[in-house]
Protein chains: 2
Amino acid sequence: MRYDDIEIISLILRLKKDIISTGEFAPALGLSQQSVSRKIRELESNGLIKKEITARGQKITVLAKGLSLLRTTLNELNEAVGSIKKNLMFKGFVVSGLGEGSYYLGQDKYFVQFLDKLGFSPFKGTLNLRIKEDSNLDAKEAVISKVPIIINGFSDSGRTFGDIMCFRCKINNEVEGAIIVPKRTHHDDRIVEIIAPVCLRESMTLVDGDEVEVTSY
Amino acid sequence: MRYDDIEIISLILRLKKDIISTGEFAPALGLSQQSVSRKIRELESNGLIKKEITARGQKITVLAKGLSLLRTTLNELNEAVGSIKKNLMFKGFVVSGLGEGSYYLGQDKYFVQFLDKLGFSPFKGTLNLRIKEDSNLDAKEAVISKVPIIINGFSDSGRTFGDIMCFRCKINNEVEGAIIVPKRTHHDDRIVEIIAPVCLRESMTLVDGDEVEVTSY
DNA sequence: ATTACTACCGTCCGAGTAG
DNA sequence: TCTACTCGGACGGTAGTAA
């Protein structure tokens, strides 16, 4: 478990203190003072750090070997996070629109924001997909847990319209559009509403039951 | 030791395989098949991943909670690596110039490159520092293991002049200059030669034995 | 204050093996 | 093959305390 060492080195560097006591370290690592003391001694004997003990604590210098381990790990995590993006794809089946999306698109105060924030003027209707497999559901959850583009809500003639979250996506690797999700109402998890500059049913000749692939990027 | 989980999740993502067996995982983590099996079950019960067991192995999906942990860790490491730069400071004592630096500065073909690549025209002499403490020596090593600015070597009337590596630095947090290190000759590790647009001895009224702080940025 | 030793003990690892 | 159970033993954790 190489990453144990990294956790400590990372903390040492982030504390940005010249002198640190093992007791100070302990709670941040969820360990006792004694264990931290031992861990640090181990790091030193592995040549990852160097320490000088003073009256108030120890001055720790992360050595080249330690830094190199840190950088390697950083690269690994970057690679891991990078590979997530490629996993952000899910499939669903075209269903007839029962979603609220189309209604939103009819509201001018929403509509103007779409062009502004998404860069395209959406067709005034949504493509509704139903997700069947659980694995695709997870992918969809991953997409809509990314940082959303927010379409602000408003009040009009006594009614309140909430914020809408948008997530850019590509439909069948062909057309660029966006998944829209009302911020408040958590309606059926398995239905996804998609908007695009064009009518997707027409431009891609889709009918109910057709499988569609959605990629987030 | 939170990072243990990360190590496994990171590996899962980097393998980019749909189906993975615990036995395949084991060597990469330095654990036994049994331990990997248990670790993965723990990850699942902590809600970080989801797994489906098939005949050939298990299909693992990293859940939102797992991804978020991964991103947090990535940010921490980025912060840690970022803070290294601020740690790149060392101290040395002014000594009389026995270095080769001054000689280099006398060579026009080198000299013109300094202005070009460093953005300043150096005073035709170097400030030589001797590093006494080992901790400072480590910091100095860290500085000169960064990506160097290279001053190209050349041949002149039969003699060969090698490449020179430069590292921007700040002297006593006051004057901007550069550490220069011949690429070939690995002369005394404890002597550092510094160039600056001005004569540092004069502008900072330095004499032999004065302590000087060098920061790399 | 600190660090770190000793002693004890709980957790975790892995060999064997079942399913 | 695969996953995962049992169980003995090692490793790692902490309390007490010395330096």
Side-chain angles (χ1 to χ4, degrees), chain A residues 1-63 66 69 73 133-135 138, chain B residues 1-63 66 69 73 133-135 138:
Chain A
M1 296 280 94
R2 250 183 49 218
Y3 280 34
D4 276 9
D5 295 346
I6 296 296
E7 181 164 3
I8 301 175
I9 294 177
S10 163
L11 186 62
I12 291 171
L13 290 169
R14 279 178 293 127
L15 282 180
K16 287 169 196 167
K17 288 191 176 185
D18 263 21
I19 306 284
I20 321 174
S21 74
T22 52
E24 195 179 349
F25 248 84
L29 291 169
L31 294 173
S32 67
Q33 174 269 317
Q34 293 90 334
S35 294
V36 173
S37 168
R38 185 166 36 74
K39 290 267 186 199
I40 289 183
R41 271 174 282 148
E42 282 165 10
L43 288 181
E44 182 166 41
S45 64
N46 288 332
L48 300 176
I49 64 161
K50 203 174 72 87
K51 70 181 204 300
E52 289 174 75
I53 299 172
T54 72
R56 284 185 198 125
Q58 38 199 330
K59 183 178 184 314
I60 296 174
T61 315
V62 180
L63 299 181
L69 187 62
T73 309
E133 287 169 39
D134 282 352
S135 56
D138 288 330
Chain B
M1 295 281 92
R2 251 183 47 217
Y3 280 34
D4 276 8
D5 296 347
I6 295 295
E7 182 165 4
I8 300 175
I9 295 176
S10 163
L11 186 61
I12 291 171
L13 290 168
R14 280 178 294 126
L15 282 181
K16 287 170 193 164
K17 288 190 176 185
D18 264 19
I19 306 285
I20 321 176
S21 75
T22 51
E24 196 181 347
F25 249 84
L29 291 170
L31 293 174
S32 67
Q33 173 270 317
Q34 294 89 334
S35 293
V36 173
S37 168
R38 184 169 33 76
K39 291 266 186 199
I40 289 183
R41 272 174 281 148
E42 283 166 11
L43 288 181
E44 181 165 42
S45 65
N46 288 332
L48 300 177
I49 65 162
K50 199 174 75 88
K51 73 179 201 299
E52 288 172 76
I53 298 173
T54 73
R56 285 187 197 122
Q58 36 200 328
K59 184 180 183 314
I60 297 174
T61 314
V62 181
L63 300 180
L69 187 61
T73 309
E133 287 169 41
D134 281 351
S135 57
D138 288 330

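Predicted, not measured: the structure shown is a model, and the values here were computed from it. Per chain, numbering begins at 1; letters A, B, ... match sequence-line order.
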key: For A:Gln34, all residues meeting side chain to side chain contact (heavy atoms under 4.5 Å, CB included), sequence neighbours excluded   = A:Ser32

task = Please name all residues satisfying side chain to side chain contact (heavy atoms under 4.5 Å, CB included) with A:Ser21, sequence neighbours left out, ordered by chain then number.
result = A:Glu24

ask   = Taking protein heavy atoms under 4.0 Å as touching, what does nucleotides 3-14 of chain C look like 5' to 3' if B marks base contact, S marks sugar-phosphate-only contact and - marks none?
value = BBB------SBB

query = Can you give the first and last nucleotides of DNA chain D, 5' to 3', that have an atom under 4.0 Å from a heavy atom of chain A?
reply = D:dG12 to D:dG16

key: Gap between atom CG of B:Leu63 and atom CG of B:Asn46 - 0.5 Å precision   = 11.5 Å

key: Inter-residue atom distance B:Ile8.CD1 - B:Leu43.CG, 0.5 Å rounding   = 5.0 Å

Nearest-0.5 Å distance, CD1 of residue B:Ile19 to NZ of residue B:Lys51 = 13.0 Å

query = Only one of B:Lys39, B:Arg41, B:Gln33 forms a side-chain hydrogen bond (donor to acceptor under 3.5 Å, both in side chains) with B:Ser37, so which one is it?
reply = B:Arg41

key: For B:Leu11, all residues meeting side chain to side chain contact (heavy atoms under 4.5 Å, CB included), sequence neighbours excluded   = B:Arg14, B:Leu15, B:Phe25, B:Ala28, B:Leu29

key: Terminal axes of the helix from C:dT2-D:dA19 to C:dG19-D:dC2 (five pairs each): angle between them, nearest 10 degrees   = 50°

key: Heavy-atom donor-acceptor pair, A:Glu7 side chain to B:Tyr3 backbone, under 3.5 Å   = yes

Chi angles and distances behind the side chain to side chain contact (heavy atoms under 4.5 Å, CB included) call for A:Glu44, A:Lys50 = CA-CA 6 Å; A:Glu44 182 166 41; A:Lys50 203 174 72 87; 4.3 Å; yes

message = Looking at every heavy atom in both A:Val62 and A:Ile49, which two are closest together, and how far apart are they?
response = CA-CG2, 4.2 Å

